[in-house]
Asks: 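Below: one structure in structure tokens.
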Amino acid sequence: MTLEQKWQKYWEETGLFKAEDLSNTKKYYVLMMFPYPSGSKLHMGHCKNYVIGDVIARYKKMQGFNVMHPMGWDAFGLPAENAAIKFNVHPAEWTKNNIAVMTQQLKNIGICYDWSREVTTCEPDYYRWTQWLFLKFLEKGLAYKKKKEANWCPKCMTVTANEEVIDGACWRCKTPVTKKELEQWFFKITDYADRLLEDLKGLSGWPEKVKVMQENWIGKSFGVEIKFKVKETGDELPVYTTRIDTIFGVTYLVIAPEHPLVKKLVKGTEFEAKVNEFAGKLKMATEMDRTSETSKKEGFFIGKHAVNPVNGEAVPIFVANYVLLEYGTGAVMAVPAHDQRDFLFAKEYGLPVKVVIEPKESGLDAKEMEEAFVAQGAQVNSGQFDGLPSAKGLPAIADWIAEKGWGTKTVKFKLRDWLISRQRYWGAPIPVIYCDKCGIVPVPEKDLPVKLPHTVNFKPTGAASPLAAIKEFVETTCPKCGGEARRETDTMNTFICSSWYFLRYADAKNANEAFSKEKANYWLPVDQYVGGIEHAILHLLYSRFFTKVLFDLGYIAFNEPFTNLFTQGMVLKDGAVMSKSKGNVVLADPLIEKYGADTVRGLILFAAPPEKELEWSDQGIEGIHRFLGRVQRFIDPRMELLKSAPAAIDGAKLEKEPKNLYVALNKTVKKVRDDIENSFHFNTAIAALMEFVNYLYSLKEPEAGKAKQDFDRVMGLVMKDILLCLAPFMPHNAEEYWEKAGGKESIFLQSFPVHDAAFIADESAVIVLQVNGKVKSKITVPAGLSDGQVKELALKDGKVTEALGGKMPKNIIVVKNKLVNIVV
RNA sequence: GCGGAAGUGGCGGAGCUGGCAGACGCGCUAGAUUCAGGUUCUAGUUCCUUCACGGGAGUGGGGGUUCAAAUCCCCCCUUCCGCACCA
């Protein structure tokens, strides 16, 4: 058994890292985003994530916190199904094997999880509660079913949520998504749009970047919804605008081709066929083609006009590809003079441009414009509002329109409801039943979980979930009337499973409820969450949404799940994120075998600050390995000193050399603590320890007398503190030395060292002497000398007088304990 | 286009509220140890120049503030990330 296995076994057997529920000790909940058990062997990208969390957990443990550091598996999802189809194993089997492999790997690198809280989202004892949560959402009107054109990934053969579409492609498989109209379940996340946005302000422990991304995604805008009337038919046609100050500049209207009113307006006219063809074409186009700014604006007149309520003007109505049905009212007022998109469209189709805002300094000639004027300016051609600055015109016109009853001030969000149905097998079944008599009937709570049948035929068919083909699953009785009924056959989006797992850890084995309120309120919110930036919107937004809903329902007493968020930089290899599919992974096992887990951990931590992307190279690994060797070779011959290390030392009573050593120790301890606490900059913390060890090697020990005695005592403390400082980073070696030195219990039950604040300053200071800002000399003086004294010494310095060459100083600047600059 | 972050030796990276640029590590050079390789140890290692002492330049580029700028201000360049027809 290796040294590492010995301690890994020890940690497991003694339950050292088991978190204690409802303890009086102050809790600290540190959490990594749980992984998908893909079965790939642990590579450096994974390692980095888990090691960061492990260092934090161990450090907090040594500070006496009741630390919870759990691990689990985001185990539902497509890759299991795809792999299963490919290798002809059941997804459950495949997933289970992968979990076993990954668990062992995490243990190999020495991560200190409380495995008793392990959760696996594909197990019935977990997804039972995922289904229960769905029912709660349904009860509260936060889950609803609707027929809608949804994003469809042709490769995954399922619909996806807006959040899962990145650059018009499926976030998982990168296939461009298309549209498909289906009956789908949605969660009403839009009800929480305002709170999700507002509460971002309180998340001071989150990176600004993530907050900005969520803010953009939620996309709140203030504007006016104003009703135009179709001249020929009298139909109302509301449009939404954030630039009501440009209302007098409207020269045409644009409607999304799929807009229901369009059908009515063109029915039986020469335009009907053309509109249908156009709408059909757009439906086939990918999201990317449709929404890219660079794609050409296309559209045409549909033979009807709209009347602008503010001036009674009738303007032509167009359909065009650049207007989206889903946003606002699906129709816009076009102001080519002041909106670039409208401008391009107007130029393309020869539509009039009417200026209603002019720049302050100069006029604006519609005929000469080459682009829209979108900045603020002064109102012109705007009736009674002429002459107002547009910043004042906007609210004034909005009020006027509201007063007249032509429209209302409105707030809109880009955020849409969360589409949660998936037409795939490997997910939590949506717990509802369809009855011809009673309609949609929720599965009663007592009947949960709705178990996923163990089929072997889970190939997607495209139209419906594989579950639809399983008669025994589909056919059931209505819980209300007892008549024949059918089960819902779609499964839930896996992001639902991961939107509450952090709560389950607080009470992972609870068979009666999702979690006890008491335990959840004890452990949460998570004190430190660590994960990749790729979830800035998806998982992190959904989890915040769930937390707010559960807060509203009274199940928890907090409404944000993660107090502090740390987004670690990814590990790259050859410029790309390390991943199995790209074939650029560097596996942990061979490196662990060759150098040991502590060295691999050390390298990951030392190579770069953790938030930074790390281009992998194992160049530096020798350095860490050597460092561990140097520590060992320093401690081994001095083991007796370590064994008799004092608990504390009175610095005031020390002789000179031991005192210097004591000061150096305190400085190092302070640096290590500061680096860990302020910024998780483990790289500089380790560097400080290396520097200190180098310094120890360079020391000349006093030969005899009190100085020698003092020195030995300080050295004992030095070695003890080095081990304690090293423990979170290189836990196996730290434990081993600790034991050798007579430690009766784990080093992680010791307190992390605290520096003696009275002895962090050197007794002497090296003063840099500059002449005209150039370094000329250095002198060592007792610390705390007055400016005058230092000045005097500086002027006496040989190299300084030489540089001065007899010239009189014009000005002398003294920076205490640091520098003197003589200006001539 | 908008928003954000960044740009420092051959490499990864340090530089706190302006105060010795290059901590720490890799790599490299020389020497010691060793039969040898490895290990370990010692010294050196930003660039140019000089036998050397020394001198000069230097933190993406250009300006500025200051006794003093990687750090503050202005302009520009590059890279990465996010948003992007949202009316």
Side-chain angles (χ1 to χ4, degrees), chain A residues 166-167 207-210 212-217 219-221 223-224 239-244 246 254 256 290-297 320-324 326-335 338-342 344-345 374 412-416 533-534 536-537 569 575 602-603 606-609 611-627 629-630 633 671 674 678 681 683-694 697 766-778 809-824:
Chain A
I166 309 292
D167 289 336
E208 207 52 41
K209 188 184 167 94
V210 175
V212 168
M213 283 167 75
Q214 291 210 356
E215 205 178 303
N216 289 341
W217 185 258
K220 187 176 189 175
S221 72
V224 172
V239 300
Y240 173 72
T241 181
T242 55
R243 289 295 305 274
I244 197 67
T246 64
V254 194
R290 179 75 185 272
T291 57
S292 162
E293 203 172 349
T294 49
S295 68
K296 208 167 165 235
K297 301 200 175 359
N321 58 353
Y322 76 94
V323 171
L324 306 171
E326 304 94 78
Y327 186 76
T329 61
V332 303
M333 58 180 225
V335 187
H338 307 293
D339 182 288
Q340 186 59 17
R341 296 153 300 180
D342 298 340
L344 290 174
F345 190 81
V374 296
K412 296 262 186 233
F413 293 94
K414 278 165 61 178
L415 184 71
R416 322 263 169 85
I533 188 91
E534 69 272 20
I537 295 183
L603 177 60
F606 181 67
E611 72 275 12
K612 229 191 121 169
E613 308 237 301
L614 173 63
E615 170 65 40
W616 180 260
S617 140
D618 36 39
Q619 289 270 293
I621 199 156
E622 294 290 347
I624 299 290
H625 199 58
R626 271 174 223 163
F627 170 61
R630 279 167 73 75
R633 285 190 301 276
K671 169 83 176 151
D674 286 352
N678 300 341
H681 276 191
N683 57 328
T684 48
I686 293 172
L689 289 167
M690 288 175 164
E691 204 174 347
F692 187 47
V693 170
N694 290 347
Y697 270 100
V766 177
I767 309 283
V768 174
L769 305 182
Q770 298 179 329
V771 174
N772 285 340
K774 295 224 189 288
V775 181
K776 290 296 169 191
S777 181
K778 283 173 197 181
K810 237 196 306 191
N811 192 8
I812 302 179
I813 288 109
V814 179
V815 182
K816 206 163 184 60
N817 287 340
K818 270 191 183 154
L819 145 158
V820 177
N821 187 10
I822 301 163
V823 189
V824 292

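Protein chains get the first letters and strands the later ones, always in sequence-line order, with residue 1 at the start of each.
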Asks: Indicate syn or anti for B/G56, taking the glycosidic torsion and treating anything within 90° of 0 as syn.
Replies: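 It is anti.
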
Asks: Considering heavy-atom distances to RNA chain B, does A/D342 or A/I686 have its closest nucleotide positioned more toward the 5' end?
Replies: A/I686

Asks: Of the nucleotides B/G19, B/G12, B/A84, which has the atom closest to the A/L819 side chain?
Replies: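 So the nucleotide nearest the side chain must be B/G19.
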
Asks: For A/Y327, is the NZ or CZ atom of A/K414 found under 6.0 angstrom from the centre of its six-membered ring and inside 45 degrees of the ring axis?
Replies: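 Not satisfied by the 6.0 Å and 45° rule.
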
Asks: Find the distance A/E326:CD to B/C85:C1' and express it as a whole number of Å.
Replies: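 About 13 Å, once rounded to whole Å.
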
Asks: For the pair made of CG in A/L689 and P in B/G25, what is the distance, rounded to whole Å?
Replies: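 Atom CG in A/L689 sits about 12 Å away from atom P in B/G25.
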
Asks: Side-chain contact test, heavy atoms from C-beta onward, threshold under 4.5 Å: evaluate it for A/N772 versus A/V823 and give yes or no.
Replies: yes

Asks: Which listed nucleotide (B/G12, B/C83, B/G25) is nearest to the side chain of A/N216?
Replies: B/C83

Asks: Looking at A/Y240, I'd like to know whether one of its side-chain N or O atoms comes within less than 4.0 Å of OP1 or OP2 on B/A87.
Replies: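 Result: no.
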
Asks: Just call it for A/Q340: base, sugar-phosphate, or nothing, with non-hydrogen atoms closer than 4.0 Å on any strand.
Replies: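 It contacts nothing in the nucleic acid.
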
Asks: Among B/A57, B/C81, B/G12, which is the nearest nucleotide to the side chain of A/K774?
Replies: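 The nucleotide sitting nearest to the side chain is B/A57.
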
Asks: Consider the side chain of A/E622, meaning its heavy atoms from C-beta on, and name the nucleotide among B/G27, B/G82, B/G25 that approaches it most closely.
Replies: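 Nearest listed nucleotide: B/G27.
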
Asks: Looking at B/A52, which nucleotide sits across from it as a Watson-Crick or G-U wobble partner, both distances under 3.5 angstrom, or is there none?
Replies: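 When the pairing criteria are applied, nothing turns out to pair with B/A52, so the answer is none.
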
Asks: Is it possible for you to check whether A/K297 lies under 6.0 Å from the centre of the six-membered ring of A/Y322, through NZ or CZ, and within 45° of that ring's axis?
Replies: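 Yes, a cation-pi geometry holds between A/K297 and A/Y322.
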
Asks: P atom, B/G62 versus B/U71: distance in rounded Å?
Replies: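 Between the two P atoms, the distance is 13 Å.
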
Asks: Can you see which heavy atom on A/M690 is nearest to which on A/G623, and at what distance?
Replies: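 Minimum heavy-atom separation between A/M690 and A/G623: CE-O, 4.5 Å.
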
Asks: Nearest 0.5 Å, what's the CZ-CG distance between A/R243 and A/D342?
Replies: 11.0 Å

Asks: Under a 3.5 Å cut-off for both contacts, is B/G13 paired Watson-Crick or G-U wobble with anything, and if yes, with which nucleotide?
Replies: none

Asks: Reckon A/R630 touches a base, only the sugar-phosphate, or nothing at all at heavy-atom distances under 4.0 Å?
Replies: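 The answer is sugar-phosphate, as A/R630 gets under 4.0 Å only of primed atoms, P, OP1 or OP2.
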
Asks: If you take all heavy atoms of A/G328 and A/Y240, which pair is closest and at what distance?
Replies: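 Here A/G328 and A/Y240 meet closest at CA-CB, 4.4 Å.
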
Asks: With a 3.5 Å cut-off and just heavy-atom distances, do the side chain of A/K778 and the base of B/C20 make a donor-acceptor pair?
Replies: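 For A/K778, whose side chain was compared with the base of B/C20, there is a donor-acceptor pair (under 3.5 Å).
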
Asks: State whether A/R633 places a side-chain N or O below 4.0 Å from either non-bridging phosphate oxygen (OP1 or OP2) of B/C41.
Replies: yes

Asks: Name the nucleic acid region contacted by A/N694, choosing base, sugar-phosphate or nothing; use a 4.0 angstrom heavy-atom cut-off, strictly under.
Replies: sugar-phosphate

Asks: Measure from the side-chain heavy atoms of A/F606 and tell me the nearest of B/C24, B/G19, B/A87.
Replies: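 In terms of side-chain proximity for A/F606, the closest of B/C24, B/G19, B/A87 is B/C24.
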
Asks: What's the closest nucleotide to the side chain of A/N683 if the choices are B/A14, B/C83, B/G19?
Replies: B/A14

Asks: Quantified in whole Å, what is the C1' atom distance between nucleotide B/C77 and nucleotide B/G63?
Replies: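 So the two C1' atoms sit 15 Å from each other.
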
Asks: Please determine whether any donor N or O and acceptor N or O are separated by less than 3.5 Å between the side chain of A/K818 and the base of B/C20.
Replies: no

Asks: Which base, if any, makes a Watson-Crick or G-U wobble pair with B/A32, both distances under 3.5 Å?
Replies: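 Partner of B/A32: B/U40.
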
Asks: For nucleotides B/U46 and B/C41, find the distance between their C1' atoms and express it as a whole number of Å.
Replies: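 To the nearest whole Å, 26 Å.
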
Asks: From C-beta outward on A/P609, which listed nucleotide comes closest to its side chain: B/C83, B/A14, B/C81?
Replies: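 When the side chain of A/P609 is considered, B/A14 is the closest of B/C83, B/A14, B/C81.
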
Asks: Without decimals, in angstroms, what is the distance between A/M690 CE and B/A14 C1'?
Replies: 13 Å

Asks: Across the strands shown, which category fits A/V823 at heavy-atom distances under 4.0 angstrom: base, sugar-phosphate, nothing?
Replies: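 Sugar-phosphate only.
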
Asks: To the nearest 0.5 angstrom, please state how far the NE2 atom of A/H625 sits from the CZ atom of A/R630.
Replies: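 Going from the NE2 atom of A/H625 to the CZ atom of A/R630 covers 14.0 Å.
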
Asks: Write down the distance between CD (A/E208) and P (B/G3), rounded to a whole number of angstrom.
Replies: 15 Å

Asks: In this structure, which one of A/D339, A/V323, A/L324 forms a side-chain contact (heavy atoms from CB on, under 4.5 Å) with A/V332?
Replies: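 Answer to the side-chain contact (heavy atoms from CB on, under 4.5 Å) test with A/V332 among A/D339, A/V323, A/L324: A/V323.
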
Asks: On a whole-Å scale, what distance lies between the C1' atoms belonging to B/C48 and B/G9?
Replies: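 Those two atoms are separated by 14 Å.
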
Asks: Whole Å only: how far is the CE atom of A/M333 from the P atom of B/A87?
Replies: 12 Å

Asks: Within the pair A/N321 and B/C85, is there a side-chain N or O less than 4.0 Å away from OP1 or OP2?
Replies: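 So the side-chain polar atoms of A/N321 never come under 4.0 Å of the phosphate oxygens OP1 or OP2 of B/C85.
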
Asks: What distance do A/I767 atom CD1 and A/S777 atom OG have between them, rounded to the nearest 0.5 Å?
Replies: 11.5 Å

Asks: Need one value for A/S221: base, sugar-phosphate or nothing, where a base atom within 4.0 Å counts as base even if backbone is also close, heavy atoms only.
Replies: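 If one applies the 4.0 Å heavy-atom cut-off, A/S221 turns out to touch the sugar-phosphate alone, with no base involved.
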
Asks: Determine: side-chain N/O of A/K612 to OP1/OP2 of B/G13, distance under 4.0 Å, yes or no.
Replies: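 Indeed, a polar side-chain atom of A/K612 lies that close.
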
Asks: Establish, with yes or no, whether the OP1 or OP2 oxygen of B/A68 is under 4.0 angstrom from a side-chain nitrogen or oxygen of A/N811.
Replies: no

Asks: Quick one: A/E611 CD to B/C80 C1', roughly how many Å, whole number?
Replies: 15 Å

Asks: For the P atoms, the ones on B/G1 and on B/U49, what distance do you get once it is rounded to whole angstrom?
Replies: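 Looking at atom P only, B/G1 and B/U49 are 43 Å apart.
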
Asks: Between A/I244 (CD1) and B/A87 (C1'), how many Å, whole number?
Replies: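 It is 11 Å, rounded to the nearest whole Å.
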
Asks: Only pairs with both distances under 3.5 Å count, Watson-Crick or wobble alike; so what is the partner of B/G27 in this structure?
Replies: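 Looking at the geometry, B/G27 pairs with B/U45.
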
Asks: For atom C1', what is the distance between B/C74 and B/A84, given to the nearest Å?
Replies: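 It comes out at 29 Å once rounded to the nearest Å.
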
Asks: Determine whether a donor-acceptor pair (one donor, one acceptor, N or O, separation below 3.5 Å) exists between the side chain of A/N821 and the base of B/C67.
Replies: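 Under the 3.5 Å cut-off, the side chain and the base do form a donor-acceptor pair.
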
Asks: Using the closest heavy atom to pick a nucleotide of RNA chain B for each, name whichever of A/G773 or A/T242 lands nearer the 5' end.
Replies: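 Between the two, 5'-proximity favours A/G773.
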
Asks: With rounding to whole Å, what would you report as the distance between B/G60 and B/U66 at their P atoms?
Replies: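 The same atom, P, in both gives a distance of 23 Å.
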
Asks: P atom, B/A23 versus B/A6: distance in rounded Å?
Replies: 22 Å

Asks: Rounded to whole Å, how long is the line connecting atom CD1 of A/I166 with atom C1' of B/C81?
Replies: 13 Å

Asks: Paired with B/G3 by Watson-Crick or G-U wobble geometry, both distances under 3.5 Å: which nucleotide is it?
Replies: B/C81

Asks: What is the base-pairing partner of B/C72, counting Watson-Crick and G-U wobble geometry with both distances under 3.5 Å?
Replies: B/G64

